[in-house]
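Every number for a ligand or one of its atoms is a count from 1 in the order of the listing.
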Amino acid sequence: MRLVLLGAPGSGKGTQAELLKAQYGCAHISTGDILRRNLKDKTELGVRAGVFMNKGELVPDGLVVEMVEKRLREDDAANSFLMDGFPRTLPQAEALESMLKELDRPLDVVLFLKVEEEFLVRRLTNRRTCRSCGKIWNALLMATGTKACPECGGELHQRDDDMESVIRNRLDVYREQTEPLMSWYEKKGLLRSIDAVNSPEKTFKEIQVALGR
Ligand code: AMP
């Protein structure tokens, strides 16, 4: 299975990617996670990307495409993968299409996680990530003041780009640069729309129906 998860920031791509990976064992390729790892390790890529990420802007296409190209050539991505947060612009989508053509591994499906904008802001401002295991939690669904990951006890933190002012910018960028991808993939007959306002489990069931599994 080779799929792309498309959706606004906070639509649940990361959470659904983890569920898909656990169920079907496909390689999870998250450009946001790779970039954040580089930022933390202060690599050259991380330093260059950080300038854009902290403002909620997109990292230039060339840097991201090169990173994905490298990742796609790793063994675990040979047959099945899911792209989370990539492509985000038309040039990225075109680059992905030609990379996959060259590797003779076309995409099977593009899942679009549909959520209203105000809901996204509420979700993102309350998103907490575990520094140890990376699991994503919603502060509204936990006891007030919870600071430790309920699963591994690691420290829960708020991503720098989950502050409200940065979130608004990320949503504007999404509307301008990423939304046009929907009609692009629709024309190719690859797009499936998923209602993603419900619990992660319910959304995952909808995804399984869309995948015919
Ligand atoms: P995410 O975790 O997917 O929301 O990504 C966090 C940030 O990383 C984004 O706001 C961008 O600055 C950067 N980023 C992630 N994926 C891409 C991409 N495909 N193209 C450009 N920038 C990206």
Check the pair R88, E57 against salt bridge (charged side-chain N to carboxylate O under 4.0 Å, His left out), reporting the backbone distance first and the verdict last. CA-CA 11 Å; R88 259 177 155 102; E57 287 169 13; over 6 Å; no
Review item, side-chain donor-acceptor pairs of residues 200-212, under 3.5 Å, at least two apart:
{"unit_1": "T203", "atom_1": "OG1", "unit_2": "S199", "atom_2": "O", "d": "3.1"}
{"unit_1": "E206", "atom_1": "OE1", "unit_2": "D195", "atom_2": "N", "d": "3.4"}
{"unit_1": "Q208", "atom_1": "NE2", "unit_2": "Y24", "atom_2": "OH", "d": "3.3"}

Any donor-acceptor pair under 3.5 Å linking the side chain of N138 with the backbone of L140? yes
Ligand 1: which protein N/O atoms lie under 3.5 Å from its N/O atoms?
{"unit_1": "ligand 1", "atom_1": "2 (O)", "unit_2": "R36", "atom_2": "NH1", "d": "2.9"}
{"unit_1": "ligand 1", "atom_1": "2 (O)", "unit_2": "R36", "atom_2": "NH2", "d": "3.0"}
{"unit_1": "ligand 1", "atom_1": "2 (O)", "unit_2": "R159", "atom_2": "NH1", "d": "3.3"}
{"unit_1": "ligand 1", "atom_1": "2 (O)", "unit_2": "R159", "atom_2": "NH2", "d": "3.3"}
{"unit_1": "ligand 1", "atom_1": "3 (O)", "unit_2": "R88", "atom_2": "NH1", "d": "3.0"}
{"unit_1": "ligand 1", "atom_1": "3 (O)", "unit_2": "R88", "atom_2": "NH2", "d": "3.2"}
{"unit_1": "ligand 1", "atom_1": "4 (O)", "unit_2": "R88", "atom_2": "NH2", "d": "3.1"}
{"unit_1": "ligand 1", "atom_1": "4 (O)", "unit_2": "R159", "atom_2": "NH2", "d": "3.4"}
{"unit_1": "ligand 1", "atom_1": "4 (O)", "unit_2": "R170", "atom_2": "NH2", "d": "3.3"}
{"unit_1": "ligand 1", "atom_1": "12 (O)", "unit_2": "E57", "atom_2": "O", "d": "2.6"}
{"unit_1": "ligand 1", "atom_1": "16 (N)", "unit_2": "T31", "atom_2": "OG1", "d": "2.8"}
{"unit_1": "ligand 1", "atom_1": "16 (N)", "unit_2": "G85", "atom_2": "O", "d": "3.4"}
{"unit_1": "ligand 1", "atom_1": "16 (N)", "unit_2": "R88", "atom_2": "NH1", "d": "2.9"}
{"unit_1": "ligand 1", "atom_1": "19 (N)", "unit_2": "G85", "atom_2": "O", "d": "2.9"}
{"unit_1": "ligand 1", "atom_1": "19 (N)", "unit_2": "Q92", "atom_2": "OE1", "d": "3.0"}
{"unit_1": "ligand 1", "atom_1": "20 (N)", "unit_2": "Q92", "atom_2": "NE2", "d": "2.9"}
{"unit_1": "ligand 1", "atom_1": "22 (N)", "unit_2": "V59", "atom_2": "N", "d": "3.0"}

Could you list the residues that satisfy side chain to side chain contact (heavy atoms under 4.5 Å, CB included) with V59, not counting sequence neighbours? L35, A49, F52, M53, L63, V64
Does N126 reach the side chain of R122, with side-chain heavy atoms less than 4.5 Å apart? yes
Which atom pairs, donor and acceptor, lie under 3.5 Å between side-chain atoms of residues 65-79 and protein residues at least two apart or in another chain?
{"unit_1": "R71", "atom_1": "NH1", "unit_2": "E74", "atom_2": "OE1", "d": "3.3"}
{"unit_1": "R71", "atom_1": "NH1", "unit_2": "D76", "atom_2": "OD1", "d": "2.9"}
{"unit_1": "R71", "atom_1": "NH2", "unit_2": "D76", "atom_2": "OD2", "d": "2.8"}

